[in-house]
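Structure record follows, encoded as structure tokens.
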Amino acid sequence: MWGPSCWSFSDVRVITRSASSAAHQKVCVVGGGPAGFYTAQHLLKACQDVQVDIYERLPVPFGLVRFGVAPDHPEVKNVISTFTQTAHHARCCYYGNVNVGTDVSVEELREAYHAVVLSYGAEGNRSMGVPGEDLEGVYPAKDFVGWYNGLPSNRELNPGLDCETAVILGQGNVALDVARILLSPIDELKKTDITQRSLDALAQSQVRRVLIVGRRGPLQIAGTIKELREMVNLPDTKPEMVASEFEGMAEALKVIPRPRKRLTELMLKTAVDPPAEKERQRRQAASRSWGLRFLRSPLEVLAGPDGARVAGIRLAVNRLEGTGDGSVAVPTGEVETMDCGLVITSIGYKSLPIDPAVPFDPRKAIVPNSLGRVQQAAGLYCSGWLKTGPVGVIATTMNNSFDTAHSVVEDLTSGCLDATSAKPGSTGIGPLLDKRGVKPVSFSDWEKINQEERRRGAAQGKPREKLLDVEEMLKTART
Amino acid sequence: MGLPPSSSPTGLRRAASQSSSDNKVTVHFVNRDGEKITAKGSPGDSLLDLVINEDLDFDGFGACEGTLACSTCHLVFSEEVYEKLGPVTDEEMDMLDLAYGLTDTSRLGCQVCLTRALEGMEARVPESVADIRQTQDITMGMTMK
């Protein structure tokens, strides 16, 4: 019915757009990750008269699907095909390389669109807040993951991997991913889309032992069974657990729901049960080890003799008050030290405010909202981790985004957004960007980058070799 | 799936088996609105294949395209049907464990294959998380994979 209505500044050809019959309701989505794409998808399906424009800071789309999901979990990235279909929808347009907050403000977007959905996720880190956190050799997990996944801002991370023991604080799936990438055989990693740079670094790595440390007990671990099983089955590694940390678990197993029960059973089996002969031999031959440690909170990261690099970590020993998910770690007064040359903090991502005009709750680090409607800001919505905090897998984000889209649709149809008055949408924003020297990257520009990455990857037997540099991405986009 | 028929994900349309209509297995899906949707598939097709091939409109169903990397093809069955569905691998259980509203008769649709014995079976598409208040229900504090 309508021709494609996307246009890009990168080339002079303007793809035909039928101005008078363009979709009347204009919605803009800020952030081109899963939350943004799922929100757009749902809006397009629910409203036949809506145009959805997705703005993304980087030239390349897909957010954490590209930069967060582990390289050895390619199936999780299959959602990219549904996002690609959404981007190709006649009433959807992708504008990469646009930084909302600096290139264009949220206020300007709100003037140009009937509704603005913020889905820019969580780009910050929760810090431990302990002395020594700034020593060399201490990295937030988000940055370490960004490094091996080719996030441009982490490409120079160059983590030091010339120590034997790494300690990871936190026991969620990100922590388990990091442990697995640190200990995976290089022959496995080299077939993935892990960056060549990090592959080379890992090939030289001296890390042989990874301890994954949590504040609370085995029943509170936030990771899930698939990731734990991958550690248990990781070639050339053996588990190194402290059996006494699992005392009393067998009793607790009787009363917990199946998911938690199966996870705990796997931990118990790995930590406590004597292995079958074949497994015993496998463990004996293994050159690397990993373990979970419980009831430990970081007190201080300790420097070695040079005073600049981490050599150990001092931990408070905790006990648990309460049971189950609600239990709380309380320090006992006892203290312990672990020697290590690499510390990775995997204690949570954190959303950051990008525009002073947007309400932000600094304590919860989310945009305050009800069902995705930003409080005290008609026409402003949020979805994904910005809405609920940085917890959940892609499917969680999908449902969360569908809910926000539902709120937007309700408001568009109920009349509480002034959807009948015309808004310019991208024709209002384009000139502003142009004046400011910002050149958006279209989805077909991304497809050129995609093709180049796949071409480079094919030469190495990998699905892709990611471009690490925004300038290089832009150059490829303009060819 | 929320997308027009021409744009189903690639890789899931199996080559149609050369079967007459006798060879088809009827499945009654009950969607999240309680509506009954009847579809026919060939023996050997998974329930996800059926949903894709027949363009059944279940929001967000089958996000990982049948690769056991999500739980969005979660379906719930009666006890009687569940018993006939065959064994569940650890790999499936591991992902099923993350499904919202998990029951004792839940399976992932991408892992359940049609057989003649399942003729006329009913499969309910359960609620996914409906709003922010329900995220507190999730007993496993899931973090990004």
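Residue numbers start from 1 in every chain, and the chains themselves are labelled A, B, ... in the order their sequence lines are given, proteins ahead of strands. Keep in mind the model is a prediction, meaning the values are calculated, not measured.
Across every non-hydrogen atom of Thr388(A) and Asn400(A), the tightest pair is CG2-ND2, 3.3 Å. Across all their heavy atoms, Phe67(A) and Val145(A) have their closest contact at O-CG1, 3.5 Å.
For chain A, no part of Asp104(B) is nearby; none of its heavy atoms comes within less than 4.5 Å. Heavy-atom distances place the backbone of Leu68(B), and not its side chain, under 4.5 Å from chain A. Using a 4.5 Å cut-off between heavy atoms, His42(A) contacts chain B through its side chain alone, with no backbone atom that close.
Counting only N and O atoms by type, the side chains of His73(A) and Glu230(A) include a donor and acceptor under 3.5 Å apart.
The greatest number of non-hydrogen atom pairs below 4.5 Å with chain A, out of Cys64(B), Ser71(B), Ala99(B), is found for Cys64(B).
Applying side chain to side chain donor-acceptor pair (under 3.5 Å) to Asp97(B) and the options Lys226(A), Arg258(A), Lys261(A) leaves one that passes, Arg258(A).
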